[in-house]
Structure formats: structure tokens, C-alpha cells
Amino acid sequence: MGSRLLNLAKLSIHVLFVVSVFLTLQSCSDKKEQTSDYQWPILAGFPKPQVPKDNPMTQAKVNLGKVIFFDKNLSANQQQACASCHHQEFAFGENIPHSFGSTKQEHRRNSPALVNIAYNKTLTWAHDGITSIEQQILLPMFGESPIELGITGHEEEVLARFETADYQVLFSAAFPHQPANFDLIVKSLASYVRSLISLKSPFDTYAYMADDDAISASALRGMNLFFSEKLECHHCHGGFNFTQSTSHEKQLIDRRPFHNTGLYNVSRDTQSNLSGYPKHDTGLSEISTLARDDGRFRAPTLRNIEVSAPYMHDGSIASLSEVIDFYAAGGRNITTGKLQGDGRDNLLKSQFIKGFVLTTEEKSDLITFLKTLTDPSFLSDPKHIVAE
Ligand code: HEC
Ligand code: HEC
């Protein structure tokens with residue numbers, strides 16, 4: 001199947017075409033039944049993530065996927081690995097507003113933190129059709145707009161780099177009797193990404209291990225603000241993963257929420273007075289082609305949010321303090337430059353972004369609460385990285 005994917009990938013003009021081709025091929029690939037030996041690092045009582053039936057979690061796949069994630073040989077010009085845009089210290093996100101691909105092409109979006117992705121209902125900042133990590137991973141691998149790892153057109157050359165003796169050991173442990181191919185590379189990368197679970201923050205000790213002293217009085221006041229009707233944060237960032245866009249084995253409702261938070265209101269067409277998000281990224285409407293989806297993005301998890309600045313899909317807000325000012329104002333008013341426009345008046349803005357007033361102390365309490373979602377063990381766990 002590797003070589004069929006390879007030929008078809010060469011023909012691809014559009015990445016989503018590759019995605020659909022891959023899915024079709026996936027269903028005809030010969031599957032070996034694998035049983036899962038994987039222990040999820042979650043507390044008893046927590047729901048387990050859902051995992052595709054044809055790619056059950058195994059420790060051997062996680063081990064292989066991790067080595068590939070950190071290997072620059074996955075990019076055509078050997079300049080970039082997945083880890084080049086997803087750094088452990090930034091919760092597997094990046095500390096610059098936009099990412100750059102292996103050929104230095106700029107990505108229009110901010111590299112999201114990879115935290116509890118196994119629980120994500122949908123993948124990427126604004127796509128309601130990408131529901132598996134296996135699908136998502138094809139974008140950085142084969143995408144041409146922008147070029148990230150740039151494999152399209154270099155499939156054979158890239159694949160040959162995974163035939164070393166070291167890789168053979170890892171591949172045969174993960175996929176006995178199957179030669180290295182892109183299908184297996186994707187499956188192991190997806191397994192590794194699923195293993196990036198972070199549920200050991202002070203907030204978890206407080207909320208799920210009944211240790212009342214795990215967070216400060218200031219954090220508690222901030223938590224109450226977060227869950228209040230005044231601030232409404234929990235409407236979109238609720239649940240144990242601090243995003244309503246969560247799925248797991250016990251959740252049966254197919255909810256894929258996206259919201260316009262009033263970041264922009266750029267004038268796009270002077271004749272018809274049309275305004276909204278900048279043309280280069282209008283969010284969900286690009287996928288749905290519906291005007292009413294303009295500016296709608298997925299609310300990300302807020303776990304480890306302290307370390308994954310800058311914020312929002314385009315990294316356009318630098319700090320947590322400014323994020324709170326933005327919500328307090330009920331959107332963002334940009335007064336000069338190309339992106340000028342008052343996001344507070346965006347007609348498609350969510351009704352939950354209505355603005356509020358906080359005292360200096362309350363604002364600091366809210367930030368203190370958000371910082372209790374930082375899980376130091378996740379950010380430094382050597383089992384998630386390859387020792388240099
Ligand atoms: C050039 C930088 C770059 C590289 C290289 C890169 N990514 Fe990403 N990654 C991004 C950006 C930017 C996004 C957001 C894309 C979007 O929303 O359109 C993203 C999104 C993701 C997501 C979705 C996260 C979510 O919350 O939905 C996953 C998973 C992911 N990347 C894994 C990987 C893997 C695995 C690799 C290697 C095969 C990789 N990335 C390579 C920049 C990069
Ligand atoms: C209407 C739903 C909604 C409400 C209410 C809401 N958010 Fe968000 N939040 C979002 C969406 C959607 C994004 C991503 C927006 C984008 O990138 O354009 C986001 C992004 C964020 C980010 C940046 C995340 C990142 O990884 O870059 C932070 C921090 C945040 N919200 C905190 C809060 C806080 C604190 C509150 C309450 C004051 C709040 N949110 C209320 C939907 C919401």
C-alpha cells in the first residue's frame with residue numbers, strides 16, 4: 001500500500017485530496033490484528049480516549065513514533081522534524097506566532113500545543129472534517145501549501161531513510177513482518193501523539209485527588225471566576241480537558257463546536273460593506289463554505305496554557321494578561337494598519353463573548369488559576385522525548 005499511496009500522493013494538488021485517498025487506501029490495506037498492551041496514564045474513573053480500531057495503542061508503536069517525531073529525516077531536505085514546530089518545553093507548541101516549514105515557507109497559523117490530543121473531537125484550529133490524528137498528520141507530511149515536511153515528490157527517497165538497522169528493530173517490534181511504509185509511519189506517529197497525556201497539574205490534585213491545599217486561595221477565587229456566568233470561560237473551555245471539543249469512550253454526542261471570538265472585523269469589500277476575519281484565514285468557513293462560519297475556530301484546551309504563548313490561531317495575542325483583556329473588552333479593536341477593524345462589533349461573534357469588568361486582583365486570581373493547569377511532569381518527562 002505504501003507505493004500506491006506514494007504514486008497517488010505525487011498526483012495530489014490539494015492536501016485534502018491526499019487525505020481522502022489515504023482513507024480509501026487505508027480500508028484496503030491488509031491489517032494484522034493487534035492487541036493493545038497500552039496503559040493510559042490516567043486516574044481510575046477517567047474516561048479513556050477513543051482510538052481507531054485499525055490502529056490500537058501499543059507501547060512499541062509509541063516508541064517508534066517518538067523516534068520518528070524527532071527525526072529530521074522525515075522532511076525531504078532533512079532540515080525539519082515534527083519536533084521542530086512542537087517543543088516539549090512549550091507543551092509541544094511553539095513560542096513564535098507562526099511556524100516556518102522545512103523550506104522556510106511561513107505557515108499562516110500558530111503551532112498548537114499537543115496536549116491530550118487523544119481526546120480532541122476534531123483536529124487543527126478550524127476543520128470539522130478532520131477527526132483522526134492519522135488524517136491530520138498527512139498535512140504536515142505531504143502538504144504543499146504551505147510546505148512543512150515537504151515529502152510530496154520525494155516519497156521514495158524519504159522512505160529509504162527508514163530502512164536502517166535501528167529502524168528495522170523498532171518497526172519489527174511495532175509492526176511484525178511489515179516493511180516500513182508511510183501507512184506505518186503515520187500510525188506510529190499518531191500513537192505517539194496520543195500518548196502525550198497531561199492530567200497531573202495542581203488543579204488535578206485539587207479536583208480529582210481531593211487535596212484542598214493543592215491550589216492557593218487566589219487560584220480558587222480565579223477558578224470561581226472562570227466557571228462564573230459573568231466570564232463564561234467554561235462554556236467553551238469546560239470539562240476535564242478545558243475544551244468543550246472533547247471526545248472519549250463515554251461521550252456519545254457528536255459535538256464539534258467552533259466559535260467566532262471577535263478577534264477581527266476587517267473590511268474586505270468596500271462596495272458591499274462586507275467585513276470579517278482577514279481573507280488569508282477565515283476559519284471554519286473555508287471548509288464549510290458557509291458565510292456564517294466566518295471567523296469560527298475551535299476552542300483549544302487550556303491545560304499547560306501558561307507555557308504555550310503566543311496565543312490564538314495566529315499567535316496574535318502575546319500573553320495571558322492580554323488574552324483576559326481581550327475577553328474583558330468583548331473582542332479586539334484594531335485601530336491601525338491592514339487589519340484595522342473593531343472585532344467587538346463582528347456580527348458573527350459568539351453571544352458568550354460579551355465583555356466584563358474585573359478588578360486588578362480578580363484578573364490576577366484568574367491568571368493564577370490558569371497557571372494551576374500547568375503540569376510540570378508533562379513538560380519535563382523524559383519518556384516523551386528522544387535523548388540527544
Ligand atoms: C512547520 C511546522 C510544523 C511541523 C513541521 C509540524 N507541525 Fe503539527 N502543526 C503545526 C501547525 C501550524 C498546526 C495547526 C494547523 C492548522 O490549524 O491548520 C499543527 C497542528 C498539528 C496537530 C493538531 C493539533 C490539534 O490540536 O488539533 C497535530 C496532532 C500535529 N500538528 C502533529 C504533528 C506531527 C505528528 C508532525 C510531524 C509529522 C507535525 N505536526 C509537524 C505546525 C507544524
Ligand atoms: C464562545 C466561546 C469561548 C469563550 C466564552 C471563551 N473562549 Fe477562550 N477561546 C475560544 C476560541 C474559539 C479560541 C481560539 C480562537 C482563535 O484562535 O481565533 C479561544 C482561545 C483562548 C485562549 C488561547 C488558547 C491558545 O492555545 O492559544 C485562551 C488562553 C483562552 N481562550 C482563555 C479563555 C478565558 C480565560 C475565557 C473566559 C474569560 C475564555 N477563553 C472564554 C472560545 C472561547
Side-chain angles (χ1 to χ4, degrees), residues 65 68-69 71 74-75 80-86 91-94 98-103 105-118 120-127 130 133 136-143 146-151 185-186 189-190 192-194 196 222 225-228 230-238 242-245 257-264 277 281 283 295-306 308-317 319-320 322-324 326-328 349-354 356 358 366-367 369-370:
I68 301 177
F69 190 88
D71 192 345
L74 190 60
S75 58
Q80 197 171 49
C82 305
S84 308
C85 301
H86 295 287
F92 294 96
E94 208 169 14
H98 295 210
S99 298
F100 291 86
S102 56
T103 57
Q105 236 180 5
E106 190 169 5
H107 199 295
R108 63 185 175 157
R109 290 186 178 159
N110 177 252
S111 166
L114 303 182
V115 173
N116 300 340
I117 298 293
N120 279 7
K121 187 91 226 173
T122 63
L123 283 304
T124 78
W125 282 99
H127 201 307
I130 304 185
I133 303 174
Q136 195 281 324
I137 285 175
L138 298 171
L139 304 175
M141 285 175 67
F142 297 100
I147 290 178
E148 293 178 68
L149 299 173
I151 301 175
I185 288 177
V186 167
L189 280 169
Y192 165 70
V193 170
R194 284 196 180 95
L196 300 174
L225 285 167
F226 185 89
F227 289 101
S228 68
K230 178 173 151 191
L231 267 65
E232 303 283 15
C233 312
H234 65 291
H235 265 286
C236 309
H237 300 284
F242 291 87
T243 164
Q244 107 212 100
S245 189
F258 296 86
H259 314 273
N260 177 319
T261 57
L263 274 177
Y264 294 103
Y277 274 47
D281 199 349
R296 288 178 71 195
F297 288 84
R298 186 194 67 189
T301 178
L302 299 184
R303 287 181 171 275
N304 299 296
I305 196 71
E306 177 184 6
S308 67
Y311 301 110
M312 306 301 176
H313 67 275
D314 55 359
S316 64
I317 302 190
S319 66
L320 282 181
E322 289 161 84
V323 169
I324 293 169
F326 152 77
Y327 281 114
K349 193 181 75 169
S350 159
Q351 54 165 335
F352 292 115
I353 311 287
K354 49 192 176 21
F356 47 80
L358 290 183
L366 182 57
I367 294 177
F369 166 66
L370 291 173

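The structure presented is a predicted model; accordingly, all values stated were derived computationally and were not measured. Just follow the structure's listing: the first ligand is 1, and inside any ligand the first atom is 1.
Here the closest non-hydrogen pair linking Tyr192 and Gly65 is CB-C, 3.7 Å. Nearest heavy atom pair, residue Gln80 against residue Ser75, reads O-OG, 2.8 Å. A pairwise comparison of heavy atoms in Gln105 and Ile147 identifies OE1-N, 2.6 Å as the closest pair. Closest approach of Ser228 to Leu225, counting heavy atoms only: OG-O, 2.6 Å. Contact detail for Ile305 and Tyr311: the closest heavy-atom pair is O-OH, 2.6 Å. Nearest heavy atom pair, residue Arg109 against residue Phe297, reads NH2-CE2, 3.9 Å.
Protein heavy atom in closest approach to atom 37 (C) of ligand 2: Cys233 SG, 1.9 Å. Given atom 9 (N) of ligand 2, the protein heavy atom at minimum distance is Tyr327 OH, 2.6 Å. Nearest protein heavy-atom contact of atom 18 (O) of ligand 1 is Arg109 NH1, 2.8 Å. Of all protein heavy atoms, the one lying nearest to atom 23 (C) of ligand 2 is Tyr311 CB, 3.8 Å. Trp125 N, 2.9 Å is the protein heavy atom nearest to atom 17 (O) of ligand 1. The protein non-hydrogen atom at the shortest distance from atom 3 (C) of ligand 2 is Cys236 SG, 2.7 Å. In this structure, the protein non-hydrogen atom closest to atom 27 (O) of ligand 1 is Thr124 N, 2.7 Å. From the protein, the heavy atom lying nearest to atom 15 (C) of ligand 2 is Met312 SD, 3.7 Å. The closest protein non-hydrogen atom to atom 5 (C) of ligand 2 is Glu232 O, 3.3 Å. When only non-hydrogen protein atoms are considered, atom 12 (C) of ligand 2 lies nearest to Phe297 O, 3.3 Å.
When each atom of ligand 2 is checked for a heavy atom of Ser350 under 4.0 Å away, the hits are 1 (C). Proximity to Phe356 (heavy-atom distance under 4.0 Å) selects the following atoms of ligand 2: 38 (C). Which parts of ligand 2 touch Val323 is read off a 4.0 Å heavy-atom cut-off, strictly below it: atoms 28 (C), 29 (C), 30 (C). Atoms of ligand 2 lying under 4.0 Å from any heavy atom of Thr261, numbered from 1 in the order shown and given with element: 10 (C), 11 (C), 12 (C), 42 (C). Atoms of ligand 1 lying under 4.0 Å from at least one heavy atom of Ile117, given by number and element, are 24 (C), 25 (C), 26 (O). Atoms of ligand 1 lying under 4.0 Å from at least one heavy atom of Phe100, given by number and element, are 1 (C). Close contacts between ligand 1 and Asn120 involve ligand atoms 25 (C), 26 (O), 27 (O) [criterion: under 4.0 Å to a heavy atom]. Close approach of ligand 1 to Leu149 is summarised as follows: ligand atoms under 4.0 Å from at least one heavy atom of the residue are 5 (C), 37 (C), 38 (C). Listed by number with element, the atoms of ligand 1 under 4.0 angstrom from any heavy atom of Gly101 are 1 (C). Counting atoms of ligand 1 from 1 in the listed order, those under 4.0 Å from a heavy atom of Asn110 are 12 (C). Using a 4.0 Å cut-off to heavy atoms of Ala81, the atoms of ligand 1 that qualify are 5 (C).
Trp125 places a side-chain N or O within donor-acceptor distance of the main-chain N or O of Asn110, the cut-off being under 3.5 Å. Counting only distance, with no hydrogens or angles, the side chain of Tyr277 and the backbone of Leu263 share a donor-acceptor pair below 3.5 Å. Side-chain atoms of His98 come within 3.5 Å of backbone N or O of His107 as a donor-acceptor pair. At distances below 3.5 Å, at least one donor-acceptor pair connects side-chain atoms of Ser102 with backbone N or O atoms of Glu148. A donor-acceptor contact shorter than 3.5 Å is absent between the side chain of Arg298 and the backbone of Ser245.
When the options Phe356, Phe369, Tyr327 are evaluated for a ring pair (Phe, Tyr, Trp, His ring centres under 6.0 Å) with Phe226, the one that passes is Phe369. Checked against His259 for a side-chain hydrogen bond (donor to acceptor under 3.5 Å, both in side chains), the options His235, Arg296, Lys349, Gln244 give a single hit: Gln244.
Proximity of Ile317 to ligand 2, defined as any heavy-atom pair under 4.0 Å, is not found for any part of the residue. Contacts with ligand 2 closer than 4.0 Å are made by no heavy atom of His235, backbone or side chain. For Ala299, heavy-atom contacts with ligand 2 shorter than 4.0 Å involve the backbone as well as the side chain. Under 4.0 Å from ligand 1, not a single heavy atom of Ser75 appears. The part of His107 lying near ligand 1 is the side chain, judged by heavy-atom distances below 4.0 Å.
The shortest heavy-atom distance from Phe258 to ligand 2 is not under 4.0 Å. Look at Ile353 and you'll find a heavy atom under 4.0 Å from some atom of ligand 2. No heavy atom of Ala190 sits closer than 4.0 Å to any atom of ligand 1.
For ligand 1, the polar-atom distance check against Gln80 finds no nitrogen or oxygen pair separated by under 3.5 Å. Some N or O of Arg298 is nearer than 3.5 Å to an N or O of ligand 1, by distance alone. Looking at His313 next to ligand 2, an N or O pair under 3.5 Å apart turns up.
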Verdict with supporting geometry, Asp281 and Asp314, side chain to side chain contact (heavy atoms under 4.5 Å, CB included): CA-CA 9 Å; Asp281 199 349; Asp314 55 359; 5.8 Å; no
Show your reasoning for whether side chain to side chain contact (heavy atoms under 4.5 Å, CB included) applies to Thr122 and His127. CA-CA 7 Å; Thr122 63; His127 201 307; over 6 Å; no
What's the verdict on side chain to side chain contact (heavy atoms under 4.5 Å, CB included) for Leu74 and Ile68, showing C-alpha distance, side-chain angles and the deciding distance? CA-CA 7 Å; Leu74 190 60; Ile68 301 177; 3.9 Å; yes
Please evaluate residues Val323 and Leu370 with respect to the criterion side chain to side chain contact (heavy atoms under 4.5 Å, CB included), reporting the C-alpha separation (whole Å), side-chain torsions for both, the decisive distance (0.1 Å), and the verdict. CA-CA 12 Å; Val323 169; Leu370 291 173; over 6 Å; no
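For the residue pair Ser111 and His86, a side-chain donor N or O sits within less than 3.5 Å of a side-chain acceptor on the partner.
Because the distance cut-off is set at 2.8 Å, His237 qualifies as a neighbour of atom 8 (Fe) of ligand 2 through one of its N, O or S atoms.
Atom 8 (Fe) of ligand 1 has His86 NE2 as protein N, O or S atoms under 2.8 Å away.
Residues meeting the side-chain hydrogen bond (donor to acceptor under 3.5 Å, both in side chains) test with Asn304, sequence neighbours left out: Ser198.
The CG atom of Asn116 sits 6.0 Å away from atom CZ of Arg303, with the distance rounded to the nearest 0.5 Å. Remark: Thr243 OG1 to Asn120 CG distance equals 7.0 Å, nearest 0.5 Å.
The nearest non-hydrogen atom to atom 13 (C) of ligand 2, considering only Ala328, Pro300, Gly238, comes from Pro300.
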